[in-house]
Amino acid sequence: MAILKILQYPDERLHTVACRVDQVDDEIRQLVRDMAETMYAAQGVGLAATQVDVHRQVIVVDTSESKDRLQVFINPEILASCGEEESEEGCLSVPGIYEKVQRAEKITLNALNENGQPLTLEAEGFLAVCLQHEIDHLHGRVFVEHLSQLKQGRIRTKLKKRQRENL
Ligand code: NI
């Protein structure tokens, strides 16, 4: 296993749209293992392949407190959503920034698991928010892009400054 480098906003590569996975093979399973290790090491609750500069539709999520319930979604697709919910979000690609974002309260999604088997999941609450956030990444969208242009500008400036200081 390996810990992968997480792209930092405003890196342009975060805007790449991920391709569907045709076949869930050993290479994809290796990616899943590396992504899980990277997510746990960074103490995140979710990670999309886009964030580690691999542009395939793969996400890993673990919203459990005990951090032992890894969920893998390959080619995730939201079939239905309802309600509205606003909650504070953060992102491993946007460190130190937490902002309120409006999302659907409940979603139904289709995906494949790491064995290539299809699954359908109904999610609500924190898991639903997390899945919508990660699926956005696969479409090249970072959560701050749900905010006003003014806020986005401020966040970009702040992160660029911090990245310069850390060089
Ligand atoms: Ni994120």
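All residue numbers in this chain count up from 1 along the given sequence. Counting starts at 1 for both ligands and their atoms, following the listed order.
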Can you confirm whether Lys67 is buried at NZ, in the sense that more than 12 heavy atoms of other residues, nucleotides or ligands lie under 6.0 Å from that atom? yes
Note to self: Surrounding CD of Glu65 (heavy atoms of other residues, nucleotides or ligands, distance under 6.0 Å), is the total greater than 12?
What the structure shows: no
Protein-side N, O or S atoms sitting under 2.8 Å from the Ni ion (ligand 1) are Cys91 SG, His133 NE2, His137 NE2
Charged N-O contact under 4.0 Å between Glu122 and Lys106
no
#### Entry: Ion pair check, Asp62 and Arg69, cut-off under 4.0 Å
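Looking at Asp62 and Arg69, the cut-off is not met.
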Kindly determine whether Glu37 and Arg33 satisfy salt bridge (Lys or Arg N to Asp or Glu O under 4.0 Å), including the steps that lead there. CA-CA 6 Å; Glu37 197 185 3; Arg33 280 194 294 273; over 6 Å; no
Pair Asp136-Arg103, salt bridge (Lys or Arg N to Asp or Glu O under 4.0 Å): steps then yes or no: CA-CA 11 Å; Asp136 263 3; Arg103 303 275 188 189; 2.9 Å; yes
